[in-house]
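Pasting in a structure now, in structure tokens, and then I'll have a few things to ask.
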Amino acid sequence: MGGNLSQLSMNVSGGQSSTASSGFFRHALVRSVSSSMSRGLTTQTLGLPDLNTARKEHAEYVETLRSLGVDVTVLESANDLPDSHFVEDTAVIHQGTAILTRPGASERQPEVERIRPHLERHLAVRELGGSSEAHVDGGDVLIAGREALIGVGARTNREGAERMAHQLRSLDSQLKIRLVPFRGVLHFKSAITAVRPGRYVGDPQIQFDTESKVAPAWWLPRTEGYGANVLPLNGAVLVSATSPAVRVIAEAEVGRVIPLDMGEFRKMDGALTCLSLLW
Ligand code: CIR
């Protein structure tokens with residue numbers, strides 16, 4: 001088991017000294033909220049999302065990225081694709097190259113071709129490769145510092161994860177890549193992200209096979225598991241406004257924390273990282 005909140009004071013000084021190693025991004029691609037978002041896929045039972053509130057939350061997200069120095073391209077909404085604002089799942093960007101995914105949910109596969117030309121405008125783009133049965137969602141690929149964790153779960157299968165690992169390795173031979181089978185949550189990054197490289201925060205709802213355990217530095221209280229999806233960006237950490245615990249952790253680890261309301265996206269299994277592709 002990793003750290004808990006009562007141990008926080010012991011970790012604070014070590015955390016603050018490493019702030020500079022957080023991810024730095026100049027560009028982001030986001031897509032405006034689909035007007036059919038309430039018809040998207042979800043495992044939650046939190047009710048239907050309110051489109052206007054979701055648009056406000058999205059606008060605030062975009063403004064926050066801009067306030068941190070990110071040049072944000074906002075694509076027109078794709079109203080025929082209810083989950084298309086969750087652009088993270090369509091590609092994995094590393095070292096100036098976008099690797100297109102092959103999402104595990106067939107309903108979401110058309111999103112990839114829809115975003116391809118916009119990625120090609122800015123980045124080198126490559127295919128995942130492998131058979132049509134190789135599936136990977138961007139929400140299962142966590143790259144933090146020199147480590148990449150690829151979750152094998154509800155949306156990403158072993159063949160998809162291996163293809164993604166192969167592509168990442170060919171871009172960056174120094175990257176330490178691990179495939180991590182998991183259960184209990186939709187995407188790996190729904191439950192594990194890094195406030196900064198090497199410092200993972202986790203939702204205790206995630207379950208691992210014995211041999212594939214990930215040991216986060218911080219496990220959140222069960223009631224605040226949603227807070228485990230954080231977005232470290234240009235010296236700050238975006239966190240969910242619903243988790244006081246993750247706020248305390250991110251303040252101690254990084255210093256600058258920006259809480260955002262993601263309530264409408266949460267109803268559809270979405271969280272902070274899902275709404276952007278960053279490079
Ligand atoms: C889905 O089920 O695919 C969407 N409703 C939610 C996707 C959220 N994306 C992510 O966690 N990376």
Side-chain angles (χ1 to χ4, degrees), residues 28-51 54 57-58 61 77-94 98-112 114-115 128 135-144 148-157 160-161 164 180 182-194 200-203 205-206 225-233 238-240 242-243 246 260 262-278:
L29 199 55
V30 307
R31 194 183 275 292
S32 296
V33 182
S34 172
S35 61
S36 62
M37 78 175 291
S38 60
R39 293 205 295 273
L41 302 170
T42 190
T43 63
Q44 303 299 315
T45 51
L46 298 167
L48 288 178
D50 177 75
L51 182 57
E57 290 175 2
H58 196 268
Y61 180 89
S77 63
N79 297 326
D80 55 328
L81 298 172
D83 280 316
S84 51
H85 36 271
F86 297 125
V87 291
E88 173 181 55
D89 293 316
T90 62
V92 171
I93 300 177
H94 190 62
I99 304 159
L100 297 175
T101 64
R102 191 178 293 114
S106 57
E107 298 90 329
R108 298 203 57 197
Q109 287 168 8
E111 293 175 32
V112 176
R114 207 70 75 85
I115 208 156
L128 181 67
H135 293 293
V136 59
D137 278 21
D140 285 320
V141 184
L142 174 60
I143 303 175
L149 301 176
I150 307 180
V152 178
R155 296 286 175 83
T156 295
N157 58 18
M164 182 55 71
V180 186
F182 72 96
R183 286 163 282 123
V185 293
L186 181 67
H187 283 117
F188 184 74
K189 282 158 84 173
S190 320
I192 307 269
T193 55
Y200 297 106
V201 54
D203 173 355
Q205 212 169 286
I206 194 167
Y226 180 74
N229 182 274
V230 303
L231 179 54
L233 183 60
L238 279 54
V239 301
S240 158
T242 58
S243 174
V246 83
L260 287 177
M262 293 291 293
E264 300 312 303
F265 298 105
R266 181 180 186 176
K267 292 173 182 170
M268 305 309 293
D269 274 327
L272 290 158
T273 61
C274 318
L275 292 179
S276 54
L277 285 165
L278 293 155

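Start at 1 and go down the list; that is how both ligands and their atoms are numbered. Only this structure's heavy atoms are used, side chains among them; waters, hydrogens and symmetry mates stay out. Please read all numbers here as calculations on a predicted model, not as lab measurements.
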Got a salt bridge between Arg114 and Asp80, using NZ or NE/NH1/NH2 to carboxylate O under 4.0 Å?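 Salt bridge present between Arg114 and Asp80.
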Quick one: list whatever passes ring-ring contact (aromatic ring centres under 6.0 Å, His included) with His135, sequence neighbours left out.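 Once residues adjacent in sequence are excluded, His135 has no partner under the ring-ring contact (aromatic ring centres under 6.0 Å, His included) criterion.
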What does the contact table look like for ligand 1 (nitrogen or oxygen on each side, cut-off under 3.5 Å)?
residue, atom, partner, partner atom, Å
ligand 1, 2 (O), Arg155, NH2, 2.9
ligand 1, 3 (O), Arg108, NH1, 2.8
ligand 1, 3 (O), Arg155, NH1, 2.7
ligand 1, 5 (N), Leu41, O, 2.6
ligand 1, 5 (N), Asp83, OD1, 2.9
ligand 1, 5 (N), Met268, O, 2.8
ligand 1, 9 (N), Asp89, OD2, 2.8
ligand 1, 11 (O), His187, ND1, 2.9
ligand 1, 12 (N), Glu88, OE1, 2.7
ligand 1, 12 (N), Asp89, OD1, 2.9
ligand 1, 12 (N), Asp89, OD2, 3.3

Apply side-chain contact (heavy atoms from CB on, under 4.5 Å) to Ser84 and list each qualifying residue two or more places apart in sequence or on a separate chain.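 Arg31, Ser34, Ala78, Leu81, Glu111.
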For Thr273 and Lys189, work out which heavy atoms get closest and say how close.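 Closest approach of Thr273 to Lys189, heavy atoms only: OG1-CE, 4.1 Å.
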Going by ring-ring contact (aromatic ring centres under 6.0 Å, His included), name the residues that satisfy it together with Tyr61, two or more places apart in sequence or in a different chain.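 Tyr61 satisfies ring-ring contact (aromatic ring centres under 6.0 Å, His included) with no other residue.
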Smallest separation among heavy atoms of Gly270 and Tyr226, with atom names: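 So the minimum-distance heavy-atom pair works out to O-OH, 2.8 Å.
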